[in-house]
Amino acid sequence: MKIDISEVKRWTVLEIEWWLYKVVDMSHMHKWRWGATYAFKVKNIQTGQVKNVTYKAWTTLDAAEITYKNGQYLYNSWDMYTFMEFDTSELYELWDDLIDDIKLYLKENVDVFLMMYNGNVIWVILPDVVSYKVIETLPWVKWDRAQAWTKPARLETGLNVQVPLYIEEWDEILVNTST
């Protein structure tokens, strides 16, 4: 499907030279004499390769025909992560290098969106906010307030974050997965 370059947004999936690329970052430049250009930082969904591409303002691009399905993350076994689509109860297994950016945010039974292309899952979209248990953090000491306002904590998935001083081990916290 053809789209105008001005319609490309972050996370749009483009077909470039028969490969699927996800737009990670973008910028728009207007040079007085040469007109406007769009620069995209794109990541190859199949290989993980990141590259920069630049196009003129009047260019049309091929957008991949993507469908989104409601699903759930079930479990991982070695390097494979298993997801289930809600409508059909079909299971999809993805290699860890495909979802390397989000695997530390995956928690069993969390609802996700499965990005599908030609019947295959190509990416997993997490909910904006997920609740996690803190399994390891420093104890809070009264005089710490003058030094730092946050402290490091490790969550149940292995993700390391900064938390407020009053958070203790086994407390539940909400993490914004988009930032």
Side-chain angles (χ1 to χ4, degrees), residues 1-74 76 79-107 110-132 155 157-162 174-179:
M1 154 174 88
K2 298 279 188 187
I3 62 170
D4 188 65
I5 196 156
S6 62
E7 297 173 12
V8 175
K9 307 285 184 245
R10 193 167 181 230
W11 305 120
T12 301
V13 178
L14 302 172
E15 290 182 46
I16 303 172
E17 299 169 357
W18 303 284
W19 290 93
L20 294 178
Y21 287 92
K22 174 178 58 173
V23 176
V24 177
D25 197 14
M26 59 185 295
S27 64
H28 175 261
M29 274 191 320
H30 186 79
K31 296 180 181 175
W32 178 74
R33 190 174 248 205
W34 295 277
T37 59
Y38 289 84
F40 301 110
K41 181 178 180 181
V42 293
K43 181 176 182 179
N44 188 314
I45 291 175
Q46 289 97 343
T47 65
Q49 174 193 14
V50 177
K51 70 178 188 175
N52 295 314
V53 292
T54 306
Y55 297 102
K56 297 285 185 188
W58 55 84
T59 307
T60 59
L61 297 174
D62 292 323
E65 301 217 12
I66 302 295
T67 58
Y68 298 91
K69 305 278 185 169
N70 289 325
Q72 185 177 49
Y73 168 65
L74 297 178
N76 74 310
D79 293 342
M80 295 295 278
Y81 288 75
T82 304
F83 297 87
M84 180 184 69
E85 181 187 339
F86 280 140
D87 295 338
T88 62
S89 297
E90 189 170 348
L91 298 179
Y92 296 96
E93 291 185 332
L94 301 175
W95 290 101
D96 69 340
D97 58 349
L98 180 65
I99 57 170
D100 200 29
D101 301 345
I102 63 166
K103 69 181 177 184
L104 286 178
Y105 293 95
L106 289 173
K107 174 176 143 174
V110 70
D111 292 342
V112 295
F113 289 105
L114 303 173
M115 187 184 290
M116 311 280 290
Y117 178 75
N118 289 340
N120 297 317
V121 176
I122 59 169
W123 186 248
V124 176
I125 301 171
L126 294 168
D128 290 337
V129 178
V130 179
S131 174
Y132 298 97
L155 305 180
T157 62
L159 182 66
N160 292 316
V161 295
Q162 292 290 316
L174 295 175
V175 175
N176 184 341
T177 59
S178 60
T179 59

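Positions are given from 1 along the sequence. Below, all heavy atoms of this structure are taken into account, side chains as well, without hydrogens, waters or symmetry copies.
In this structure, CG on Leu61 lies 5.5 Å from CG on Leu14, to the nearest 0.5 angstrom. With values rounded to the nearest 0.5 angstrom, Thr54 atom OG1 is found 7.0 Å from Met29 atom CE. Here NZ of Lys43 is found 12.5 Å from OH of Tyr21. Values are rounded to the nearest 0.5 Å. Expressed to the nearest 0.5 Å, how far CD1 of Ile66 lies from CG of Asn118 amounts to 8.5 Å. Atom CG of Leu106 sits about 11.0 Å away from atom CG of Leu159, to the nearest 0.5 Å. Atoms NZ and CG, on Lys103 and Asp97 in that order, are 8.0 Å from each other to the nearest 0.5 Å.
Counting only distance, with no hydrogens or angles, the side chain of Arg10 and the backbone of Val24 share a donor-acceptor pair below 3.5 Å. Side chain of Thr177 to main chain of Asp128: a donor-acceptor pair is present (N/O by atom type, distance under 3.5 Å, no hydrogens or angles). In this structure, the side chain of Lys107 engages the main chain of Ser131 through a donor-acceptor pair within 3.5 Å. The backbone N or O of Tyr105 lies less than 3.5 Å from a partner atom in the side chain of Tyr132, making a donor-acceptor pair.
By the 6.0 Å contact criterion, CH2 on Trp11 is enclosed, its count of non-hydrogen atoms from other residues, nucleotides or ligands being greater than 12. Residue Phe86 qualifies as enclosed at atom CZ: its count of foreign heavy atoms under 6.0 Å is above 12. Counting non-hydrogen atoms of neighbouring residues, nucleotides and ligands closer than 6.0 angstrom, the NZ atom of Lys41 reaches no more than 12 such neighbours.
A heavy-atom distance below 4.5 Å is not found between the side chains of Gln49 and Trp19. Side chains of Val8 and Ile3 form a contact here, defined as non-hydrogen atoms less than 4.5 Å apart. The closest side-chain heavy-atom distance from Asp96 to Asn76 is not below 4.5 Å.
With sequence neighbours left out, Thr82 forms a side chain to side chain contact (heavy atoms under 4.5 Å, CB included) with Leu74, Tyr75, Leu91, Glu93. Under the rule for a ring-ring contact (aromatic ring centres under 6.0 Å, His included), the partners of Phe83 that lie at least two apart in sequence or sit in another chain are Tyr73. Tyr38 is linked by a ring-ring contact (aromatic ring centres under 6.0 Å, His included) to His28, counting only residues two or more places apart in sequence or in another chain.
Across all non-hydrogen atoms, the minimal contact from Val110 to Pro127 is CG2-CG, 4.0 Å. Annotation for Thr12 and Lys9: closest pair OG1-O, 2.8 Å, computed over non-hydrogen atoms. The minimum heavy-atom distance between Thr59 and Asp4, with the atom names listed, is O-OD1, 3.9 Å.
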**OP:** Give the intermediate values and the outcome of side chain to side chain contact (heavy atoms under 4.5 Å, CB included) for residues Glu15 and Tyr117.
**Re:** CA-CA 11 Å; Glu15 290 182 46; Tyr117 178 75; 3.4 Å; yes

**OP:** For Leu114 and Thr67, run side chain to side chain contact (heavy atoms under 4.5 Å, CB included): C-alpha distance rounded to whole Å, both residues' side-chain angles, the deciding distance at 0.1 Å, then the answer.
**Re:** CA-CA 8 Å; Leu114 303 173; Thr67 58; over 6 Å; no

**OP:** Just do the side chain to side chain contact (heavy atoms under 4.5 Å, CB included) check on Ile5 and Phe40 with the steps written out, would you?
**Re:** CA-CA 10 Å; Ile5 196 156; Phe40 301 110; 3.7 Å; yes

**OP:** Start with the C-alpha distance between Val124 and Leu94, add both sets of side-chain angles, then the distance that settles side chain to side chain contact (heavy atoms under 4.5 Å, CB included), and finish with yes or no.
**Re:** CA-CA 10 Å; Val124 176; Leu94 301 175; 3.7 Å; yes

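A salt bridge links Asp62 to Lys2: one of the charged nitrogens lies within less than 4.0 Å of a carboxylate oxygen.
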